[in-house]
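Heads up: the structure comes next, in structure tokens.
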Amino acid sequence: MAPVRRLTITLLGLTGGVLLAVAAWLGGAKPDTDLKSNLQTALSHPDTAAAIGVWALGLAALGVAWWHARKASWSLPATLATAALWAAPLLFAPPLGSRDLYAYACQGATVHGGLNPYEVGSAALPCPWLDSVSLIWHDTPAPYGPVWVLLAGAAVAVAGGNLAVAMTVLRIGALLGVLAMADAIPRLAARTGIDPVRATWLGLASPLLMIHVVSGGHNDALMIGLALLGLLAAANGRGPLSGAALGAAVAVKATAGIALPFAVLLLMRDRTFREFLRRAWVPVAGTVAVFAAITLASGLRLGWLSGLVSSGDSVQWTSPPTAVGMTVGAVSKALGNDVTTGAIEVCRILGWIALAVALVAIWLHAFRRALDASSILRHLTWALIAVVALSPVFHPWYMLWPLAVLAVSVPGGPLRTAARVVAVALPALTLPDGDNLALRSKLAGAVVMTGLVITTVVLALSRVRPGRRSTLGPRREP
């Protein structure tokens with residue numbers, strides 16, 4: 001029965017991929033899409049209305065196939081081949097769920113036009129494809145590192161004015177990250193005692209990755225792939241290589257820097273401060289050296305850090321701190337004194353403070369308790385979850401980073417089940433053309449998220465009792 005089950009799952013996933021590709025052609029994030037569309041306007045047109053229906057069917061088919069694939073008996077090559085088969089239809093269709101590929105292309109056009117994308121937005125050139133970029137990003141400097149910005153510039157140079165060619169090159173850049181993930185995830189899983197096949201299904205073949213990397217082309221995949229290679233090198237005791245890979249990852253997106261302190265722990269043989277001082281400098285120096293070399297070679301300096309601040313211009317309830325600020329603002333407005341902007345700013349600052357405290361606490365706990373690669377990476381998983389939960393902005397594809405590390409460090413249990421649910425559910429937060437449903441449900445979503453935050457805090461406090469051992473560290477049998 002196993003071969004029949006595998007064939008059924010394979011065909012169902014392929015059907016989902018084909019349906020999603022059809023949805024992309026009907027009403028995906030195409031260059032001529034109405035940038036001010038919403039669910040109501042989309043449903044009023046035959047093509048986009050059909051696209052939403054086909055999109056829903058495709059997500060359902062792909063999600064069901066992926067969910068049940070873990071229960072069938074697969075080899076690692078069969079897993080990778082099946083994931084590639086499901087992804088193939090999406091490679092030959094317009095993007096789904098996001099318009100960021102157009103923003104990348106315009107940032108590349110800015111570089112190709114001789115301007116610094118860290119100092120000006122795409123409207124300064126202006127980018128020839130500016131009408132395809134979401135309005136909020138027209139005047140926003142690029143928040144990405146020099147590796148990705150230079151890749152975008154090269155894509156535009158190769159394209160010779162052809163947007164489709166530029167986007168294809170950018171997708172190839174994202175797929176290089178997927179290949180790096182395909183190399184690192186099974187090997188890291190074997191290193192931590194996790195089944196490589198199960199780790200690959202969760203970290204590399206989820207609907208979330210299919211929509212937002214294979215189709216959407218997000219550069220997070222390249223950052224994740226390089227960072228995972230850095231962690232793998234650290235787990236194998238290769239400090240300089242680990243630092244080099246992590247430096248390149250940070251030069252794609254700054255979020256990769258979260259992995260560096262945990263790479264240091266992977267290199268340590270014991271948990272003494274002397275050992276820390278002896279080992280820490282190797283990956284740190286490698287990361288700084290590679291990042292500095294790339295930055296100097298690009299000639300773009302560190303202006304991209306200002307773009308990270310501008311990325312907070314998007315106000316969505318999917319970020320818990322932002323949601324709490326929105327809820328406080330709504331209450332204040334109802335009482336006749338609207339303080340929404342200030343409330344959001346204060347809650348975001350408190351979120352940053354909480355994140356800094358959480359990251360330090362998680363790392364210190366790992367320093368004292370994490371004695372093997374699995375436990376260290378499990379701590380990194382919690383650190384990345386904290387980043388996602390406490391940052392001022394959240395987009396669905398941000399979850400790809402914690403999911404990838406969770407896949408190679410958590411063998412089972414509620415956390416892994418929750419990860420699978422998230423990987424299936426998050427693609428539904430956007431419509432095929434990239435319209436974000438979180439922006440269409442601001443107040444309701446903010447109130448629900450605030451309720452979840454309060455519930456989580458209350459439950460967490462109720463579990464903090466004197467003498468209670470944390471569950472972050474490695475489990476020990478009595």
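Heavy-atom basis, side chains included; hydrogens, waters and symmetry copies ignored.
- Looking at D372, its side chain does come within 3.5 Å of a backbone N or O of S375 through a donor-acceptor pair.
- For residues 205-223, the pairs satisfying salt bridge (Lys or Arg N to Asp or Glu O under 4.0 Å) are D220-K253, with sequence neighbours left out.
- Not counting sequence neighbours, the partners of T340 by the side chain to side chain donor-acceptor pair (under 3.5 Å) test are D338.
- Counting heavy atoms from C-beta outward, P186 and T200 have side chains that approach closer than 4.5 Å.
- Using a distance-only test at 3.5 Å, with no hydrogens or angles considered, no donor-acceptor pair links the side chain of R348 to the main chain of P321.
- Without hydrogens or angle criteria, R99 side chain to G434 main chain gives no donor-acceptor distance under 3.5 Å.
- In this structure, the side chains of F291 and V147 stay at 4.5 Å or more apart for every pair of heavy atoms.
- Rounding to the nearest 0.5 Å gives a distance of 11.5 Å between CG of L246 and CD1 of I258.
- No side-chain heavy atom of Q316 sits under 4.5 Å from any side-chain heavy atom of T322.
- Summarising the geometry, atom CD1 belonging to I9 is positioned 9.0 Å from atom OG1 belonging to T82; distances are rounded to the nearest 0.5 Å.
- Y144 places no side-chain N or O within donor-acceptor distance of the main-chain N or O of N219, the cut-off being under 3.5 Å.
- The shortest distance between side-chain heavy atoms of V421 and W67 falls below 4.5 Å.
- Note that CG of L209 and OG of S215 are 11.0 Å apart. Values are rounded to the nearest 0.5 Å.
- By the salt bridge (Lys or Arg N to Asp or Glu O under 4.0 Å) test, R238 is found to be paired with no residue, residues two or more places apart in sequence or in another chain being considered.
- P432 approaches G27 most closely through the heavy-atom pair CB-O, 3.5 Å.
- Pairing each heavy atom of A366 with each of L265, the nearest pair is CB-CD1, 3.5 Å.
- Put simply, the side chain of T295 does not reach to within 4.5 Å of the side chain of L300, judged on heavy atoms.
- Between the side chain of T327 and the backbone N or O of A446 there is at least one donor-acceptor pair closer than 3.5 Å.
- Contact of the M223 side chain with the W148 side chain is not registered, since no non-hydrogen atoms from C-beta on lie closer than 4.5 Å.
- For W74 and W201, the gap between ring centers is short of 6.0 Å.
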I362 vs F262, side chain to side chain contact (heavy atoms under 4.5 Å, CB included): CA-CA, chis, key distance, verdict: CA-CA 10 Å; I362 291 170; F262 296 91; 4.1 Å; yes
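- You'll find the side chain of S441 reaches within 4.5 Å of the side chain of W317, heavy atoms only.
- Nearest heavy atom pair, residue L390 against residue A354, reads CD1-C, 3.8 Å.
- The shortest heavy-atom contact between S319 and S391 is OG-O, 2.6 Å.
- Considering L204, V213, L426 as possible partners of L400, the one that fulfils the side-chain contact (heavy atoms from CB on, under 4.5 Å) test is V213.
- Here the closest heavy-atom approach between residue M399 and residue V388 is recorded as SD-CG1, 3.7 Å.
- Looking at W55 and D433, their side chains never come closer than 4.5 Å, going by heavy atoms from C-beta outward.
- Summarising the geometry, atom CG belonging to L226 is positioned 9.0 Å from atom CG belonging to L176; distances are rounded to the nearest 0.5 Å.
- Using modelled atom types, no side-chain atom of S132 and backbone atom of Y102 make a donor-acceptor pair closer than 3.5 Å.
- Nearest approach of V264 to P283, heavy atoms of both residues: CG2-CG, 3.7 Å.
- In this structure, the separation between CG on L101 and CZ on R171 is 6.0 Å, given to the nearest 0.5 Å.
- Using cut-offs of 30° and 60° for the angle between ring planes, the F276 and F367 rings count as perpendicular.
- In this structure, NE2 in H365 is found 5.0 Å from NE2 in H379, a value given to the nearest 0.5 Å.
- A side-chain donor-acceptor contact under 3.5 Å links R191 to the backbone of A235.
- For the pair T318 (side chain) and F394 (backbone), a donor-acceptor distance under 3.5 Å is present.
- Relative orientation of the H395 and W397 rings is parallel, given thresholds of 30° and 60° on the angle between their planes.
- H138 contributes no side-chain N or O that, together with a main-chain N or O of G121, makes up a donor-acceptor pair within less than 3.5 Å.
- H218 places a side-chain N or O within 3.5 Å of a backbone atom of H212 that can act as its donor or acceptor partner.
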